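Step one of this worksheet: look at the structure below.
All values reported here derive from a predicted model rather than from experimental measurement. Atoms within each ligand, like the ligands themselves, are counted from 1 in listed order.
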Amino acid sequence: MRPDSRHAEGKAHCSRCDAVCCRLTVVLQPEDRIPAHLTARTDANLLVMAHDEDGWCVALDGARMNCGIYESRPEVCRRFVMGGPYCHAVREEYADDQRRLIEVALLS
Ligand code: SF4
């Protein structure tokens with residue numbers, strides 16, 4: 001599990017984030033050229049980026065927390081605005097989830 005300390009406060013920047021946006025569902029577009037082993041089908045038959053067991057996109061380089069296919073990343077990822085309202089919202093939600101997990105761990 002990744003620490004949450006970099007998500008709670010301050011101006012968003014990828015260098016100070018655990019790539020929380022890479023936990024979102026990325027629906028692939030016809031123009032995306034993503035290797036099949038990195039993709040999955042949803043119950044609604046949408047082609048998406050696959051996630052690992054911890055919820056991160058399988059294309060994420062977990063050691064550096066960078067996109068491992070940055071040059072060929074999906075269109076949805078290219079359009080995601082760092083520091084935009086959606087970025088802030090997912091960071092806050094992630095930080096809240098992490099705080100709740102810590103509270104539960106401390107109580108048990
Ligand atoms: S393709 Fe790259 S930028 Fe897009 S969610 Fe996966 S790791 Fe993140």
Side chains of residues 100-108: which donor-acceptor partners sit under 3.5 Å, not counting sequence neighbours?
| from | atom 1 | to | atom 2 | distance (Å) |
| --- | --- | --- | --- | --- |
| Arg100 | NH2 | Asp97 | OD1 | 2.7 |
| Ser108 | OG | Val104 | O | 3.2 |
| Ser108 | OG | Ala105 | O | 3.1 |

Minimum heavy-atom distance between Cys17 and Val20, given as atom pair plus value: SG-N, 3.7 Å

Qualifying residues under salt bridge (Lys or Arg N to Asp or Glu O under 4.0 Å), relative to Arg33, sequence neighbours excluded: none

Protein contact of atom 1 (S) of ligand 1 - nearest heavy atom, named by residue and atom, plus distance: Pro74 CD, 3.4 Å

Atom 8 (Fe) of ligand 1: protein N, O or S atoms [distance under 2.8 Å]: Cys22 SG

Side chain to side chain, Tyr70 and Arg78, heavy atoms closer than 4.5 Å: no

Heavy-atom check, side chain of Val48 versus side chain of Arg41, under 4.5 Å: no

Qualifying residues under ring-ring contact (aromatic ring centres under 6.0 Å, His included), relative to Tyr86, sequence neighbours excluded: Phe80

